[in-house]
Amino acid sequence: MDKYEQVIELAKRRGFLWNSFELYGGSRGFYDYGPLGSTLKRRIEQIWREFYVIQEGFMEIECPTIGIEDVFVASGHVGGFSDPLCECKKCGEAFRADHLVENVMDAAATLNAEQLTQVIREKGITCPECGGEFKDAYEFNLMFKTTIGPGTGRQGYLRPETAQGMFVDFQRLSRFYREKLPFGAVQLGKSFRNEIAPRQGVIRLREFTQAECEIFIDPRDKSHPKFERFADKELTLYSRQAQEEGEPVRMKLREAVDQGVIAHEFLGYNLALTNAFLTKIGIDPVRLRFRQHLKDEMAHYAIDCWDAEIETERFGWVEIVGIADRTDYDLKAHSKVSKTELAVYVEYPEPKLVTSFVVKPNMGKLGPIFKGKAKAVAEALKGLSEAELSKEEIHIAVAGEEITLSSDMVDFAEETVKVSGESLVPHVIEPSYGIDRIFYGTLEHAYDAEDVGAKAAESGLKGQEELDELESAAEEEVGETRLVMHFSSAVAPVQVAVLPLLTRKELTDPAKAILAKLMDKNLMTAYDDSGTIGRRYRRNDEIGTPYSITVDYTSLEDKTVTIRDRDSMRQVRAPIEGLEDVLYDLIYKGRSFESAGKPFNFQINSE
RNA sequence: GCGUUGAUGGUCUAGUGGCUAUGACUUGGGCCUUCCAAGCCCAAAACCCGGGUUCGAAUCCCGGUCGGCGCACCA
């Protein structure tokens, strides 16, 4: 079993991830999040909200998952999100029809399926695999189609990304933020893509969760007001140049922006923010890098684009976040299709006085004389210089006809107007997170099958004598292993387990009382009194419960319990009084485990 | 979508054209247990779906579904 299999096996068994519709044989590209998975995912999303909504101030909106056609015409998904496919009659192999045609003509990408079929027929293109003939080409659109309303209804699509919601709501958002750049909004939710062949479990789904943020910024100024926060932060950058050399480089953010590796501060800040988020939820920094899109893989309108990638054992480096400067492409596209100006008015620091030469044809006189031609005459006048307009008789040519006008038919003057600002189409910085992939990443990076003997020794839980025994035993056979999910306590689905040492009423009663206290503190708590204490610790290790509380007979005497730390397996003894606050601080405030109580050195009994 | 390969309790697995289909772990009930899984007793739980061949199919054949891999695809 490779690591992916091990992680998926555990995830399935323990209620993190299940294949959807298993009862009926399943369906590819869909996964259920079980009780623990759902909780873990929600915690990840909640931390994401802390970063983007609370810290950055980009409020969350919620738009329908079904969109109308216009939206995706504007976004380019109707036209561009489909691939023309073409299958060989003989061997059945499928090819991109436009790729087949590319060699014999230019602009193959602009043709539709019908046209492509025609070209393939005319040019006699055959299967590169077997030389067979091709069937007709057809469009495979990656969007799920549906019908809105009864009957023929209106064509609708399940959204292939959440981003469009923020673009469509741009005007409303702009007013909400009192028309002051930069502003942004986020959306967390489901998106849908009818993948041709989804694989790799949760890495490529047909229904998946995105967390996207669209930040609208002033195109003339891409500095970031909080840049200093991360300026000295070192990131692993796999820039275009680094990719040529084959080795990512560690670089401080300031250097990267100064040297032009990252296009500008705003993008750089967002790389660092992503780095901070991913690290916080437990992505291993060593297995995290930022890879720059190569020129030819970047959308034509984008200025710069970086993917956060994590290393997985089976799939190698997997993209989990895309951070792009999408310029004004999206707003302009929606502006064009909706015929609405999508821009903000930006005031200058000082109003500008703009002097210009203004020509005002006197339409009251031109109209009756020139009738239908009056407009053309007026336009011609606007093109004249001051010197020409100053003459007694003004000569112009309209549609090849010489026309002479008297000077009273036009006024002109040097005019100075005060301009206090201008309309700007903002640029968009877009961090786009694939939550399901991030979810898998936290599972794989948290997963560990560790040697218990070695771990116990490391944590000082074994005596020297036993250690020696262990060493000689280790040569013979592999020691006992325990499966541990080293979730950061911020995302762990179960935060505390309460375990009476023995299943006896005098211990279970106070244990249940403690459970109630912890629940009151809003901690996700589990109670378990079945089997031996060791088994229960292991069970909780497997689901990544960071802390376990054990009630023993000493508890009855001095009102203390032990707290066990999942990773080190060490224990401290702490008073029951105030225990909920101690745990809250351990989980949310980064309080050190050693400070939580007095050391409780119970040596593991190897009997 | 094409090719290839697989599918047995919750998990991992044994197995053969033929009686009540292995085993381990897990789970539940009980016993025992004063801090790190595998002690004892009891119990629950499976041959992916449909068709065919056959006296008889979980086993052989065909199709489907799902999983792995390769090709293609991958905002």
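Labels below follow one simple rule: chain letters A, B, ... track the order of the sequence lines, proteins then strands, and each chain is numbered from 1.
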From the list [options], which nucleotide is the closest neighbour of the side chain of [X]?
X	options	value
A:T532	B:G1, B:A38, B:U34	B:A38
A:M569	B:C73, B:C36, B:C66	B:C36
A:R13	B:G10, B:C35, B:G70	B:G10
A:R314	B:G68, B:G70, B:U11	B:G68
A:Q571	B:C36, B:C73, B:U34	B:C36
A:R573	B:C69, B:C73, B:C35	B:C35

Using the [atom1] atom as the reference point in each nucleotide, state the distance between [N] and [M] in Å, no decimals.
N	M	atom1	answer
B:C48	B:C36	P	42 Å
B:A45	B:G23	C1'	14 Å
B:C62	B:G9	P	24 Å
B:C73	B:A57	C1'	39 Å
B:U13	B:U26	C1'	14 Å
B:A21	B:A46	C1'	9 Å
B:U5	B:U53	C1'	24 Å
B:U54	B:U59	C1'	13 Å

So, [X] and [Y], do they make that salt bridge, N to O below 4.0 Å?
X	Y	answer
A:R291	A:E309	yes
A:K455	A:D541	no
A:E450	A:R482	yes
A:K12	A:E9	no
A:R14	A:E542	yes

May I have the distance from [X] (atom [atom1]) to [N] (atom [atom2]), rounded to whole angstrom?
X	N	atom1	atom2	answer
A:E5	B:A7	CD	P	14 Å
A:K455	B:C35	NZ	C1'	18 Å
A:F600	B:U34	CZ	P	14 Å
A:E22	B:G10	CD	P	9 Å
A:I549	B:C36	CD1	P	17 Å
A:R206	B:C73	CZ	P	17 Å
A:Y24	B:C49	OH	C1'	13 Å
A:R199	B:G70	CZ	C1'	8 Å

Distance-only polar pair, side chains of A:Q164 and A:H334, donor-acceptor under 3.5 Å: yes

Distance-only side-chain donor-acceptor flag, A:D304 / A:Q292, under 3.5 Å: yes

Under a 3.5 Å cut-off for both contacts, is [N] paired Watson-Crick or G-U wobble with anything, and if yes, with which nucleotide?
N	result
B:C36	none
B:U65	B:A7
B:C73	none
B:G56	none
B:A43	B:U27

Any donor-acceptor N/O pair under 3.5 Å between B:C35 base and A:D552 side chain: yes

Side-chain-base donor-acceptor pair under 3.5 Å for A:R204 and B:C73: yes

Phosphate contact ([N] OP1 or OP2) by [X] side-chain N/O below 4.0 Å:
X	N	answer
A:R28	B:G67	yes
A:R535	B:U27	yes
A:R539	B:U27	yes
A:R538	B:A38	no

RNA chain B contacts among residues 500-512 of chain A, heavy-atom distance under 4.0 Å: A:L501, A:L502, A:T503, A:R504

Pairs satisfying salt bridge (Lys or Arg N to Asp or Glu O under 4.0 Å), at least one member in residues 494-503 of chain A, at least two apart: none

Touch class at under 4.0 angstrom, heavy-atom based, for A:R536 against every strand present: nothing

Touch class at under 4.0 angstrom, heavy-atom based, for A:E161 against every strand present: nothing

Earlier contact from the 5' end, RNA chain B, for A:S530 and A:T562: A:S530

Residue whose closest nucleotide on RNA chain B lies nearer the 5' end, A:R437 versus A:Y4: A:Y4

Ring centres under 6.0 angstrom apart (A:Y4, A:Y440): yes

Under the salt bridge (Lys or Arg N to Asp or Glu O under 4.0 Å) test, residues paired with A:E5 that sit two or more places apart: A:R314

